[in-house]
Q: 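Take a look at this one; I'll ask things after.
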Amino acid sequence: QVQLVESGGGLVQPGGSLRLSCAASGIDFSKYHMLWYRQAPGKQRELVATVTSSGLTSYADSVKGRCTIARDNAKNTVNLQINTLGPEDTAVYYCYATTGLTGWGTRYWGQGTQVTVSS
């Protein structure tokens, strides 16, 4: 019933840009903080970007200056724009929705979308 569906991943050349999208259904989207995580093979999942229910944004140091997260409450979507991509950005990117950034909040994960940066 609750579903987060990522899209926009694929193969991109180094230095290129990509925009990922996450479409949510089954939740009161405007009440949720929306986050993007990524996980490369053999590495821990890391937080990439956050946009709160009130529209505040934050980014990991690894993507700061190259990344923009934005939400559209009318469409129940959150996007992640990544510029100047490098091989270190290769990972599965996951959409995450939660009612609380700390403590115990209702939370959901998407299935992920693959981003591969290669020439």
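Because only heavy atoms are used, hydrogens play no part in the values below, and waters and symmetry mates are left out as well, while side chains stay in. Quantities reported herein were computed from a predicted structural model and do not represent experimental measurements.
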Q: Only counting residues at least two apart or in another chain, list the ones meeting side chain to side chain contact (heavy atoms under 4.5 Å, CB included) with A40.
A: K43, A91
Q: With a 3.5 Å distance limit and no angle check, can you tell me whether E6 reaches the backbone of C95 through a side-chain donor-acceptor pair?
A: yes
Q: Which residue, L11, L85, V92, forms the side chain to side chain contact (heavy atoms under 4.5 Å, CB included) with T116?
A: L11
Q: The test is side-chain contact (heavy atoms from CB on, under 4.5 Å); show your working for I82 and R66 and say whether it passes.
A: CA-CA 6 Å; I82 313 176; R66 302 188 295 121; 4.0 Å; yes
Q: If you draw a 6.0 Å radius around CD in Q114, do more than 12 non-hydrogen atoms from other residues or ligands fall strictly inside?
A: yes
Q: Where do V78 and W36 come nearest, in terms of heavy atoms and distance?
A: O-CZ2, 3.8 Å
Q: So does T106 get a backbone contact from the side chain of T99, meaning a donor-acceptor N/O pair under 3.5 Å?
A: yes
Q: To the closest 0.5 Å, what do you measure between OG (S53) and CE (M34)?
A: 11.0 Å
Q: So, taking the atom named NZ in K31 and the one named CG in N73, what distance separates them when rounded to the nearest 0.5 Å?
A: 9.0 Å
Q: Can you name the residues that form a side chain to side chain contact (heavy atoms under 4.5 Å, CB included) with T98, not counting sequence neighbours?
A: H33, L35, Y96, L101, R107
Q: Would you compute the distance between atom CG of N83 and atom SG of C67 and round it to the nearest 0.5 angstrom?
A: 8.0 Å
Q: Would a single hydrophobic cluster contain both V115 and I69, if residues Ile, Leu, Val, Met, Phe, Trp and Tyr are joined by side-chain heavy-atom contacts under 4.5 Å?
A: yes
Q: With no hydrogens and no angle check, is any side-chain donor or acceptor of T113 less than 3.5 Å from a backbone partner on G9?
A: yes
Q: To the nearest 0.5 angstrom, please state how far the OG1 atom of T68 sits from the CG atom of N79.
A: 10.5 Å
Q: I'd like to know if V2 and Y32 are part of one continuous hydrophobic network [Ile/Leu/Val/Met/Phe/Trp/Tyr, side-chain heavy atoms within less than 4.5 Å].
A: yes
Q: Taking the side chain as C-beta and beyond, is there a heavy-atom pair between V12 and S17 under 4.5 Å?
A: no
Q: Indicate if I27 and Y94 have the same hydrophobic cluster label, given that clusters are the connected sets of ILVMFWY residues with side-chain heavy-atom separations under 4.5 angstrom.
A: no
Q: Can you find a heavy atom in the side chain of R38 that is under 4.5 Å from one in the side chain of S62?
A: yes
Q: Taking the cut-offs as 6.0 angstrom to the six-membered ring centre and 45 degrees off its axis, would you call R71 and F29 a cation-pi pair?
A: yes
Q: Is a donor on one side and an acceptor on the other found under 3.5 Å between the side chain of T90 and the backbone of V117?
A: yes
Q: Measure across K64 and Y59 and return the closest heavy-atom pair with its distance rounded to 0.1 Å.
A: CE-O, 3.6 Å
Q: Below 4.5 Å, heavy atoms only, C-beta onward: do L4 and C22 meet side chain to side chain?
A: yes
Q: Scan residues 13-26 for pairs that pass salt bridge (charged side-chain N to carboxylate O under 4.0 Å, His left out), counting only residues two or more places apart or in two chains.
A: none
Q: Determine whether Y37 and V63 fall in the same hydrophobic cluster, where Ile, Leu, Val, Met, Phe, Trp and Tyr are linked whenever their side-chain heavy atoms lie under 4.5 Å apart.
A: no
Q: Can you give me the closest heavy-atom contact between S119 and P14, atom names plus distance?
A: N-CD, 3.6 Å
